[in-house]
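Naming convention: chains lettered A, B, ... in sequence-line order (proteins, then strands); numbering from 1 in each chain. Just so it is clear, the structure is predicted and the values come from calculations on it, not from any experiment.
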Protein chains: 2
Amino acid sequence: MSPRSRPDDCCSPPAPVEALSEARRERLVALFRALGDPTRLEMFRLIAAQDGPICVCDVVERFELRQPTISHHLKILRDAGLVTVSRRGVWAYYAVDPTGLEVLRRSPDLLYEEQP
Amino acid sequence: MSPRSRPDDCCSPPAPVEALSEARRERLVALFRALGDPTRLEMFRLIAAQDGPICVCDVVERFELRQPTISHHLKILRDAGLVTVSRRGVWAYYAVDPTGLEVLRRSPDLLYEEQP
DNA sequence: TCAACGTATTGACAAGCGTCGATACGTTAG
DNA sequence: CTAACGTATCGACGCTTGTCAATACGTTGA
């Protein structure tokens, strides 16, 4: 029993929420975490603003961070499924991963319910 | 001069990207960071799944975390503009902040360009 | 073959974050 | 008024994360 009466509508049983599948939740978390850093946010915007893939060397030029740090951030964006990398010789080119972008677009709905 | 020739299209100057305003960037970062944690993601889903505001006591019941921790996460969601709180006596009720949800919905576009 | 270069990985360190117990604050029942 | 309760804040503690220097790896020009 409640040790105290509650307002009428305080604890009417809340609507049950189907938990996201482990995989889907982790995917979303990784995506949000990747964009939840100012540097990576701007980095993703830079990559997304290009017509085609952008060379890592150009990314390095745009930020006041050391090359290994840039590489580290790019890996996080890659692991989150937000960008893809392709190589031509020594050079690496990054581009937006349309799949990841689609997940981001649908994320508001994914937050509400499971999706087929 | 480059100490080495590059592939033809390696470093054609990348498209310039207008930096997000400090305020807009911080807002987005806070939003993404707030959702970039499994607990807060599920917490937001729980709140969003309700027809009306949900009592903190019900949120506490749904997670295997201590009440101060729940309160801490709710504050982060609040600061990110994702939820609002209203009080009736001792009880606190949380609900989705439509403004924050709208920012999330528009985030894919916000990533590309400044918005009026 | 070899030296120079672009990129990725490793290891280290400080700062930030998630969690907890303890406690403070405000409200309400008695 | 006072005791009990719901919620928020505080302080502390490991674990994670962002950054760097050093280094490894693979490619390419000579």
Between [atom2] on [N] and [atom1] on [X], what's the gap in Å once rounded to a whole number?
{"X": "B:Glu61", "N": "D:dG6", "atom1": "CD", "atom2": "P", "answer": "10 Å"}
{"X": "A:Ile54", "N": "C:dG6", "atom1": "CD1", "atom2": "P", "answer": "16 Å"}
{"X": "A:Glu64", "N": "D:dC20", "atom1": "CD", "atom2": "C1'", "answer": "15 Å"}
{"X": "A:Asp79", "N": "C:dT9", "atom1": "CG", "atom2": "C1'", "answer": "13 Å"}
{"X": "A:Phe63", "N": "D:dT19", "atom1": "CZ", "atom2": "C1'", "answer": "15 Å"}
{"X": "A:Arg66", "N": "C:dG6", "atom1": "CZ", "atom2": "C1'", "answer": "16 Å"}
{"X": "A:Leu77", "N": "C:dA8", "atom1": "CG", "atom2": "C1'", "answer": "15 Å"}
{"X": "B:Ile76", "N": "C:dT19", "atom1": "CD1", "atom2": "C1'", "answer": "11 Å"}

Which residues share a side chain to side chain contact (heavy atoms under 4.5 Å, CB included) with [X], sequence neighbours left out:
{"X": "A:Ala95", "result": "A:Pro53, A:Thr84"}
{"X": "B:Val60", "result": "B:Val56, B:Gln67, B:Ile70"}
{"X": "A:Glu64", "result": "none"}

Results of side chain to side chain donor-acceptor pair (under 3.5 Å) for B:Glu102 - residues two or more places apart only
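Result, side chain to side chain donor-acceptor pair (under 3.5 Å) vs B:Glu102: B:Arg106.
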
Of all residues at least two apart in sequence or in a different chain, which pass the side chain to side chain donor-acceptor pair (under 3.5 Å) check with B:Gln50?
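Counting only residues at least two positions away or on another chain, B:Gln50 forms no side chain to side chain donor-acceptor pair (under 3.5 Å).
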
Using residues 32-41 of chain A as the side-chain source, report each donor-acceptor pair under 3.5 Å to any protein atom, sequence neighbours left out, with the distance given to one decimal.
unit_1  : atom_1 : unit_2  : atom_2 : d
A:Asp37 : OD1    : A:Thr39 : N      : 3.0
A:Asp37 : OD1    : A:Arg40 : N      : 3.1
A:Arg40 : NE     : A:Ala34 : O      : 2.8
A:Arg40 : NH1    : A:His73 : ND1    : 3.1
A:Arg40 : NH2    : A:Arg33 : O      : 3.2

Give one of base, sugar-phosphate or nothing for B:Leu65, where a contact means two heavy atoms less than 4.0 Å apart.
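The answer is sugar-phosphate, as B:Leu65 gets under 4.0 Å only of primed atoms, P, OP1 or OP2.
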
Which ones in residues 26-40 of chain B lie close to DNA chain C, meaning a heavy atom under 4.0 Å from one of its atoms?
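Hits under 4.0 Å, by residue number: B:Arg33, B:Asp37, B:Thr39, B:Arg40.
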
What distance separates B:Leu74 CG from B:Leu82 CG, expressed to the nearest 0.5 Å?
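One gets 11.5 Å once the value is rounded to the nearest 0.5 Å.
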
For nucleotides 7-14 of chain D, give me every protein contact, N/O to N/O, under 3.5 Å, one pair per line with atom names.
unit_1 : atom_1 : unit_2  : atom_2 : d
D:dT7  : OP1    : B:Ala92 : N      : 3.4
D:dT7  : OP2    : B:Cys57 : N      : 3.3
D:dA8  : OP1    : B:Tyr94 : OH     : 3.0
D:dA8  : OP2    : B:Ser71 : OG     : 3.0
D:dA8  : N7     : B:Gln67 : NE2    : 2.7
D:dA8  : N6     : B:Gln67 : OE1    : 3.2

Please check this pair: side chain of B:Ser71 against backbone of B:Pro68, looking for a donor-acceptor N/O pair closer than 3.5 Å.
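No.
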
Salt bridge (Lys or Arg N to Asp or Glu O under 4.0 Å) pairs, two or more places apart, involving residues 69-79 of chain A:
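Pairs touching residues 69-79 of chain A that pass the test: A:Lys75-A:Asp79.
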
